[in-house]
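In what follows, chains are A, B, ... by sequence order, proteins preceding strands, each numbered from 1.
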Amino acid sequence: MPELPEVEVTRRGFAAGIRGGRILHARVDPGLRWPLGLAADRLVGTTVGGVDRRGKYLILELDRGLLLIHLGMSGSLSFRPVQPPPGVHDHMDLVTDRGQLRLHDPRRFGAVVWAPGLESPRAQKLLSKLGVEPLSDAFDVRSFHAALKSHHAAIKPVLLSGRVVVGLGNIYASEVLFRAGIRPTVRADRLSLARVERLHAAIRTVLSHAIERGGSTLRDFCGSTGEAGHFLLDAAVYGRAGLPCPVCGTPIKHIRQGQRSSYFCPSCQRF
DNA sequence: CTATGGACCTGAATGC
DNA sequence: TGCATTCAGGTCCATA
């Protein structure tokens, strides 16, 4: 599920509600991607501050250290006054006096990691190689263009890697390239400044639009985490192999790049 | 350093 | 119907 928009919408859904909450009980299953890094009991008695996001990581500030939460492929968070008894795939419960935060993640590619601070090795190991935040001022056309120059692989896997710019997953990488009229197979370093400009604009537009849509759909986040896939309602190319391009009607093509599916319109995205 | 392929894990969809 | 295969919105790690 979670690319940047989903993670951001999730963050907005519970950040205000959990702020100031004192942790009364904490449970984290072993068997997520990485171990928590301390006994869950040690979290009891600490207070939750702000909830930030870096790429697809959520960062819960505690008065002692922080929790990095990643949703992996199938993770979702819900925040409610009281949670029902945990099911098999509910791998984390953070019970506070302001509500209960639960991680549901069938595939267990997600993670909950405690670190003493943002600069600690534990946190830096996960965060240090991340590219720029696409919706921040630091994401500008010139430095984006410059950064792409050092990548000789196809643009689609480069976007997906998160090394240049974070937040684009397999769906939005295809969507953004469609909007920019760029073929997913073009080498990143071969893109002209003009094309990088279009790509830059497409990334901002698509991601912020998706957040707005999700925000309105998930107004009642307190109750649930929303329907998987509802962000896809306006996908132009993703998952639409053989179907007509919404702009020109040409059948959408499906290819594989580094074991991942890519979709594009062979007419609108000529090179 | 960059680029590639395998690994992790479950469940839904597809094929015989 | 039953069983095997393929695919899925992520990303770290080993290898070239």
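- For C:dC12, one of the phosphate oxygens OP1 or OP2 lies less than 4.0 angstrom from a side-chain nitrogen or oxygen of A:Y57.
- When both pairing distances are held under 3.5 Å, B:dC9 makes no Watson-Crick or G-U pair with any nucleotide shown.
- The base-pairing partner of C:dA16, taking Watson-Crick or G-U wobble contacts with both distances under 3.5 Å, is B:dT2.
- Proximity of A:H89 to the phosphate of B:dG11: a side-chain N or O atom is located under 4.0 Å from OP1 or OP2.
- Salt bridge status for A:D97 with A:R22: absent, with no side-chain N to carboxylate O gap under 4.0 Å.
- Residue A:S261 places at least one side-chain N or O under 4.0 Å from the OP1 or OP2 atom of C:dA8.
- Looking only at side-chain heavy atoms (C-beta outward), A:F144 and A:V132 stay at 4.5 Å or farther from each other.
- Remark: C1' of B:dT2 and NZ of A:K149 are 17 Å apart, rounded to the nearest angstrom.
- Here the C1' atom of nucleotide C:dA8 and the CG atom of A:N170 are 9 Å apart, to the nearest Å.
- In the interface, the side chain of A:R108 is not paired with the base of B:dC9 through any donor and acceptor atom under 3.5 Å apart.
- If you take atom P in C:dC3 and the same atom in B:dC9, they sit 24 Å apart, rounded to whole Å.
- In the interface, the side chain of A:R33 is paired with the base of C:dT11 through a donor and an acceptor atom under 3.5 Å apart.
- At the phosphate of C:dG10, neither OP1 nor OP2 sits under 4.0 Å from any side-chain N or O atom of A:H70.
- No N or O donor and acceptor, one from the side chain of A:Q259 and one from the base of B:dG6, sit under 3.5 Å apart.
- Along DNA chain B, the nucleotide nearest to A:G31 and the one nearest to A:H152 differ in position, and the one closer to the 5' end is contacted by A:H152.
- Note: A:R27 CZ to A:H91 NE2 = 9.0 Å, rounded to the nearest 0.5 Å.
- Residues A:K125 and A:F109 each lie close to DNA chain C; by heavy-atom proximity, the contact nearer the 5' end of the strand is made by A:F109.
- The side chain of A:K56 approaches C:dG10 more closely than any other nucleotide in the set C:dG10, B:dA3, C:dG9.
- Between A:L32 atom CG and B:dC9 atom P there is a gap of 11 Å when expressed in whole angstrom units.
- One can place CZ of A:R260 at 8 Å from C1' of C:dA8, the figure rounded to the nearest angstrom.
- For the pair A:D90 CG and B:dT10 P, the computed distance is 15 Å after rounding to whole Å.
- The residue A:G258 sits apart from the nucleic acid: no heavy atom pair falls under 4.0 Å.
- In this structure, the CG atom of A:D105 is 10 Å from the C1' atom of B:dT10, given to the nearest Å.
- Protein atom OH of A:Y263 is 9 Å distant from nucleotide atom C1' of C:dC7, rounded to whole Å.
- Going from atom CG of A:L126 over to atom NZ of A:K56 covers 14.0 Å, rounded to the nearest 0.5 Å.
- Computed from coordinates, the A:L127 CG to C:dT11 P distance equals 11 Å when rounded to whole Å.
- Ion pair A:R12/A:E8 flagged as a salt bridge, since at least one NZ, NE, NH1 or NH2 atom sits closer than 4.0 Å to an Asp/Glu carboxylate oxygen.
- Put simply, the side chain of A:I59 does not reach to within 4.5 Å of the side chain of A:R53, judged on heavy atoms.
- Comparing B:dT4, C:dT11, C:dA8 by their closest approach to the side chain of A:R107 singles out C:dA8.
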